Amino acid sequence: LKQMSDPKAAEPAVRILRRDHTLPLQTAALRLLEAVGSRRHVPLLQALCTADNEVIRIRALSALAHVGDASNVPLFEEALGDPSRWVARQAAFGLMRLGHPRALRALADSDHPRAVLAYQVLTRHRLAA
């Protein structure tokens with residue numbers, strides 16, 4: 001379904017995310033929403049960005065970066081402080097995808113524990129000073 005890029009595939013993905021809590025299915029559904037989701041899926045993705053499972057948080061942030069817009073930047077900035085380094089990394093990449101590296105620059109110039117992560121992401125995108 002993901003390879004076909006059919007927007008109709010988003011609705012089964014939403015049903016899976018709402019009803020089935022099997023990690024592999026949820027992860028696949030989030031990847032599908034990343035590929036074919038739309039702005040109407042933003043509220044669901046936002047809610048999943050605070051899920052208990054870090055893999056779900058990572059995939060939800062990734063999908064949100066693809067279907068969301070700049071109004072979600074505060075959520076990504078907050079996720080930079082997630083206890084999971086991998087969630088914080090995905091949040092940093094999401095900020096880049098949304099075109100908002102400012103928070104990463106400020107973080108990279110600080111003594112925050114995630115400063116190195118921010119610098120690495122900026123460097124990868126050739127935006128580090």
Side-chain angles (χ1 to χ4, degrees):
L1 290 174
K2 180 180 166 186
Q3 291 174 343
M4 294 173 56
S5 296
D6 185 352
K8 293 177 186 173
E11 292 317 306
V14 168
R15 282 195 298 275
I16 288 169
L17 290 167
R18 288 191 174 141
R19 296 181 187 151
D20 193 313
H21 297 287
T22 307
L23 185 59
L25 281 175
Q26 284 193 320
T27 305
L30 285 165
R31 287 184 185 274
L32 190 54
L33 282 183
E34 182 175 325
V36 300
S38 68
R39 293 195 193 281
R40 70 176 180 216
H41 301 114
V42 166
L44 174 62
L45 295 171
Q46 289 170 331
L48 291 171
C49 287
T50 60
D52 291 336
N53 186 292
E54 76 178 51
V55 174
I56 298 301
R57 293 194 308 274
I58 291 166
R59 297 298 345 139
L61 284 165
S62 183
L64 187 58
H66 283 82
V67 303
D69 58 25
S71 68
N72 293 292
V73 166
L75 190 147
F76 284 87
E77 290 174 341
E78 185 177 327
L80 288 171
D82 192 277
S84 166
R85 173 178 171 78
W86 300 107
V87 172
R89 180 179 181 270
Q90 189 61 53
F93 282 120
L95 285 168
M96 295 303 299
R97 180 164 181 82
L98 293 171
H100 288 269
R102 191 173 338 145
L104 294 179
R105 286 191 184 112
L107 192 59
D109 291 337
S110 74
D111 60 353
H112 190 277
R114 298 281 192 228
V116 172
L117 171 70
Y119 182 78
Q120 289 171 341
V121 172
L122 289 167
T123 301
R124 180 175 176 161
H125 288 86
R126 295 174 168 57
L127 294 174

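Since the structure is predicted, the reported quantities are computational estimates derived from the model, not experimental observations. All residue numbers in this chain count up from 1 along the given sequence.
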Shortest non-hydrogen contact between [X] and [Y], atoms and distance:
X	Y	answer
Arg114	Ala88	NE-CB, 3.3 Å
Ala108	Leu122	CB-CD1, 4.0 Å
Phe76	Ala91	O-CB, 3.4 Å
Ala9	Leu32	O-CD2, 3.4 Å
Leu48	Ile56	O-CG2, 3.9 Å
Ala51	Arg57	O-NH1, 2.9 Å

Do Gln46 and Asn72 meet the criterion of a side-chain donor-acceptor pair at a distance under 3.5 Å? yes
Do Val67 and Ser38 have side chains that get closer than 4.5 Å, going by heavy atoms? no
Using a 4.5 Å cut-off on heavy atoms from C-beta on, say whether the side chain of Arg124 contacts that of Val121. no
Check against side-chain contact (heavy atoms from CB on, under 4.5 Å), Gln26 and Asp20: CA-CA 7 Å; Gln26 284 193 320; Asp20 193 313; 5.6 Å; no
Which distance, rounded to the nearest 0.5 Å, do you find between the [atom1] of [X] and the [atom2] of [Y]?
X	Y	atom1	atom2	result
Arg105	Ser110	CZ	OG	14.5 Å
Leu95	Arg102	CG	CZ	10.5 Å
Gln90	Leu80	CD	CG	11.0 Å
Asp52	His21	CG	NE2	11.0 Å
His41	Leu33	NE2	CG	5.5 Å
Ile16	Thr22	CD1	OG1	9.5 Å

Membership question, hydrophobic clusters at under 4.5 Å side-chain separation (ILVMFWY): are Leu23 and Leu25 in the same one? no
Starting from Val116, can I reach Leu104 by hopping between I/L/V/M/F/W/Y residues whose side chains sit under 4.5 Å apart? no
Going through the distances and angles, do Arg40 and Glu11 end up as a salt bridge (charged side-chain N to carboxylate O under 4.0 Å, His left out)? CA-CA 11 Å; Arg40 70 176 180 216; Glu11 292 317 306; 2.9 Å; yes
State which residues pass side-chain hydrogen bond (donor to acceptor under 3.5 Å, both in side chains) with Glu78; sequence neighbours excluded, sorted by chain then number. none
Check residues 58-66 and write down every donor-acceptor pair under 3.5 Å in which the side-chain atom is one partner and the other belongs to a residue at least two apart or another chain.
residue : atom : partner : partner atom : Å
Arg59   : NH2  : Glu34   : OE1          : 2.7
Arg59   : NH2  : Ser62   : OG           : 3.3
Ser62   : OG   : Glu34   : OE1          : 2.7
Ser62   : OG   : Glu34   : OE2          : 3.3
His66   : ND1  : Ser62   : O            : 2.8
His66   : NE2  : Arg97   : NE           : 3.3

